[in-house]
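Just below is one structure, and these are the notes that go with it.
We're numbering straight along the sequence, starting at 1. We use all heavy atoms of the structure for the numbers below, so side chains are in, but hydrogens, waters and symmetry mates are not.
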Amino acid sequence: MKIEHILPADIERRSMEIIEEELGEICLPPMEKDVIKRVIHTSADFDYARTLRFSDAAVERGLAALRQGCTIVTDTNMACTGISQAALDKLGCRKVCFMADADVATEAKAKGTTRAAACMDKACRLEGPVIIAVGNAPTALIRLHELMEQGKIRPELVIAVPVGFVNVVYAKELIMAGRAPYIAAKGRKGGSNVAAAICNALLYKLTRNA
């Protein structure tokens, strides 16, 4: 193996070329391919080529929400920070994370639940289209499912990629069995970086070369 001398501006392009080469003959739907490649680029994990699941027209629904100036709600500040602010600004969108909010902490303590779950209750009060991106807390997805069933929130897209062991698979299956459009990582894998990568993949479809 030898060092490739790549200009800083070309590193991402070359990374995507390598991913394309290593995907080989794996056939991915065109609308989903950029999302999967962005997740692989972030994680260096080619398992996502077979475990990242999309409901019908999920990418299109996400793009439509972004064109409408939606709010992206994340369950961690890490995911929120990782979403491109420059791309959001071009589309008139915004990103929020309620995890550090005092009212969320108070509500979670009063109800004996997690702050991530309480964040979903707060998200119900947002106006306009919403994308929910969960990369860490399955309790957020479980509570989101309950709120959707009660008709209190109707996200344009749910990005369901929490990582871990306790209730993670169950929470993702709940979302995939529901009525909301979703992009979900089957199994235990995921993470805040994956949630941010999916958001960025959608944003870049609309803002790069625009």
Minimum heavy-atom distance A49-L28, with the two atoms named: O-CD2, 3.7 Å
Side-chain heavy-atom pair I36, F54 within 4.5 angstrom cut-off: yes
Salt-bridge present (K186, E173; N to O < 4.0 Å): yes
Check whether K172 reaches the backbone of G187 with its side chain - one donor and one acceptor, N or O, closer than 3.5 Å. yes
Please determine whether a side-chain nitrogen of the Lys or Arg among R125 and D103 lies less than 4.0 Å from a carboxylate oxygen of the Asp or Glu. yes
Presence of salt bridge, K37 and E32, under 4.0 angstrom: no
Check whether any side-chain heavy atom of Y48 lies under 4.5 Å from a side-chain heavy atom of S43, and answer yes or no. yes
Go through K189 and D47 one step at a time and tell me if the side chain to side chain contact (heavy atoms under 4.5 Å, CB included) criterion holds. CA-CA 9 Å; K189 290 184 180 181; D47 278 355; 2.6 Å; yes
Within 6.0 angstrom of M78 CE, more than 12 heavy atoms from elsewhere: no
Is it true that atom CZ of R154 has more than 12 heavy atoms of other residues, nucleotides or ligands lying nearer than 6.0 Å? no
Using the rule that Ile, Leu, Val, Met, Phe, Trp and Tyr join whenever any side-chain heavy atoms are under 4.5 Å apart, tell me whether L157 and V59 fall into a single cluster. yes
If Ile, Leu, Val, Met, Phe, Trp and Tyr residues are connected whenever their side-chain heavy atoms lie under 4.5 Å apart, and connections chain through other members, are V194 and L203 in the same group? yes
Is there a side-chain contact between T139 and T113 (heavy atoms, below 4.5 Å)? no
Assess whether side chain to side chain contact (heavy atoms under 4.5 Å, CB included) is satisfied between L141 and L174, documenting all intermediate values. CA-CA 8 Å; L141 289 183; L174 268 182; over 6 Å; no
From SG (C124) to CG (L147), nearest 0.5 Å: 4.0 Å
Under a 4.5 Å side-chain heavy-atom rule over Ile, Leu, Val, Met, Phe, Trp and Tyr, are M148 and V134 clustered together? yes
So CZ of R143 and CD of E146: to nearest 0.5 Å the spacing works out to 5.0 Å
Smallest heavy-atom separation, L202 atom then L63 atom, equals O-CD2, 3.4 Å
Pairwise side-chain contact, R94 with I72, heavy-atom cut-off 4.5 Å (strictly under): no
Give the cluster check for F98 versus V130: same hydrophobic cluster or not, with ILVMFWY residues linked at side-chain heavy-atom distances below 4.5 Å. yes
If I compare all heavy atoms of A79 with all of A195, which pair ends up nearest, and what's the gap? CB-CB, 4.5 Å
Measure across D75 and G135 and return the closest heavy-atom pair with its distance rounded to 0.1 Å. OD1-N, 2.9 Å
To the nearest 0.5 Å, atom NZ of K95 lies from atom OG of S84 at 7.5 Å
Interatomic distance, L66 atom CG to R61 atom CZ [nearest 0.5 angstrom]: 12.5 Å
Set out, in order, the CA-CA distance, both residues' side-chain angles and the distance that settles side chain to side chain contact (heavy atoms under 4.5 Å, CB included) for E22 and E17, then state yes or no. CA-CA 9 Å; E22 295 196 19; E17 289 175 353; over 6 Å; no
Donor-acceptor pair, distance only, cut-off 3.5 Å: does the side chain of S55 make one with the backbone of Y182? yes
When rounded to the nearest 0.5 angstrom, what is the spacing between CD1 in I11 and NE2 in H41? 9.0 Å
Is R13 atom CZ crowded by more than 12 heavy atoms from other residues, nucleotides or ligands, each under 6.0 Å away? yes
Consider only side-chain heavy atoms of I, L, V, M, F, W and Y, link residues closer than 4.5 Å, and tell whether F46 and V39 are in one cluster. yes
Smallest heavy-atom separation, G82 atom then A196 atom, equals C-CB, 3.9 Å
Under the criterion side chain to side chain contact (heavy atoms under 4.5 Å, CB included), I'd like the reasoning laid out for C119 against M99: C-alpha separation, chi angles, the key distance, then a yes or no. CA-CA 6 Å; C119 284; M99 284 293 286; 3.6 Å; yes
What's the shortest heavy-atom distance between P162 and A137, and which atoms? CB-N, 4.0 Å
For a 4.5 angstrom cut-off between non-hydrogen side-chain atoms, does R179 reach E149? yes
Heavy atoms, side chains only, cut-off 4.5 Å: are L206 and R67 in contact? yes
Test item: K205 and D34 side chains (from C-beta on) under 4.5 Å apart, heavy atoms: yes
Between CD1 on residue I40 and CZ on residue R38, distance to nearest 0.5 Å: 11.5 Å
Less than 4.5 Å apart, any side-chain heavy atom of I83 and any of N200? yes
